[in-house]
Amino acid sequence: MRIATWNVNSLRSRIGRVEAFLQRHDVDVLAVQETKAREEQLPLMGLSSLGYDVAAAGVDQWNGVAVISRVGLEDVAVGFPGQPGWGEPAVTEARALAATCGGVRVWSLYVPNGRKPGDPHYTYKLQWLAALREAARAMTGDTALVGDWNVAPTDDDVFDVAQFKNSTHVTPPEREAFQGFLDDGWDDVVRPHTPGPGVYTYWDYFRQRFERNRGLRIDFVLGSPSLSSRVTGAFIDVDERAGKGASDHAPVVVDLAD
DNA sequence: ATGGTAGAGTGTCTA
């Protein structure tokens with residue numbers, strides 16, 4: 001089984017690339033972030049003709065997440081237990097959707113960006129990660145926490161840390177929040193197959209960052225121990241970031257033994 | 001410190 005995660009930066013504007021990606025790599029389950037569509041604008045008919053079902057949630061003008069699957073889409077849930085204020089207008093920027101696909105529990109996550117250290121959105125980001133970690137501790141079975149974490153866990157995951165002074169994604173509290181998941185037994189199942197430095201999943205649209213490989217590694221697949229033991233390979237589809245009409249993130253793909 | 005690009009939708013806001 002092949003699963004993937006991709007921040008598509010608008011599902012509607014990227015639908016052609018999404019369909020081509022699914023077919024090119026024979027993907028069974030794709031978690032997407034930043035759908036930027038309202039619920040009534042989904043599902044997209046092209047996907048169903050390819051055999052995929054779509055579950056979307058938390059859709060608004062800027063964010064939103066979805067899971068696209070051709071191996072089942074069961075027990076769909078939005079949010080996670082214990083998160084304060086879930087669903088209220090003030091927190092609509094942050095989303096999580098879970099679905100069981102082919103026996104694997106897949107969580108499509110869009111961690112809040114945080115905007116600036118000290119900003120209320122930054123505080124909320126840390127609270128959101130803490131709430132997710134707490135909920136994740138209760139998860140059992142083959143589970144994958146996938147998506148745009150908006151955290152670059154180490155300096156190797158940033159093209160130039162000096163440029164990120166006073167910026168989000170690299171602050172110690174954010175990195176500690178991410179590390180907490182690893183401490184709890186979640187594995188970054190992609191890194192062993194894509195060693196760095198210089199390996200990224202996101203390149204800003206500005207200043208030809210992709211062409212110069214000045215990016216960040218902020219999209220992750222964290223596997224539960226039982227899922228992690230099934231991983232046979234992983235890659236970042238860097239080529240998908242090239243050319244006109246690309247998302248600013250590349251897809252991350254993971255293969256699982258049956 | 002600012003700006004650069006892209007996507008949502010018409011005013012800017014967000015990333």
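The chains referred to below are lettered A, B, ... by the order of the sequence lines, with proteins before strands, and numbering in each begins at 1.
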ask   = Atom NE2 of A:His249 to atom C1' of B:dA6: distance rounded to whole Å?
value = 12 Å

remark   = Rounded to whole Å, the CD-P distance (A:Gln163 to B:dG4) equals 16 Å

ask   = How many Å lie between CD on A:Glu34 and C1' on B:dA15, as a whole number?
value = 6 Å

inquiry  = Output the rounded distance in Å from CZ (A:Phe210) to C1' (B:dA6).
reply    = 16 Å

query = Do we count A:Tyr205 as stacking onto B:dA6 if the rule is ring centres under 5.5 Å and planes under 30°?
reply = no

note = Between CG of A:Asn63 and P of B:dC13 the distance, given in whole Å, is 16 Å

remark   = Taken to the nearest whole Å, CD/A:Gln33 to P/B:dT14 is 20 Å

key: Interatomic distance at C1', B:dG4 relative to B:dT10, whole Å   = 22 Å

task = Flag the pair A:Asp26 and A:Arg70 as a salt bridge only when some basic side-chain nitrogen lies within less than 4.0 angstrom of an acidic carboxylate oxygen.
result = yes

ask   = Counting only side-chain N and O atoms of A:Arg14, is one of them less than 4.0 Å from OP1 or OP2 of B:dG7?
value = yes

message = For A:Asn166, give me all partners under side chain to side chain contact (heavy atoms under 4.5 Å, CB included), at least two apart in sequence or on another chain.
response = none

Nearest-Å distance for atom pair NZ/P, residues A:Lys116 and B:dA1 = 8 Å

task = For B:dG9 and B:dC13, measure between their C1' atoms and round to the nearest Å.
result = 10 Å

ask   = Rounded to the Å, how far apart are A:Arg209 CZ and B:dA15 P?
value = 17 Å

key: Interatomic distance at P, B:dA6 relative to B:dA1, whole Å   = 26 Å

task = May I have all residue pairs that pass salt bridge (charged side-chain N to carboxylate O under 4.0 Å, His left out) and include part of residues 143-155 of chain A, sequence neighbours excluded?
result = A:Asp155-A:Arg175

message = Check this for me, if you would: do A:Asp248 and A:Arg209 make a salt bridge, where the nitrogen-to-carboxylate-oxygen distance has to be below 4.0 angstrom?
response = no

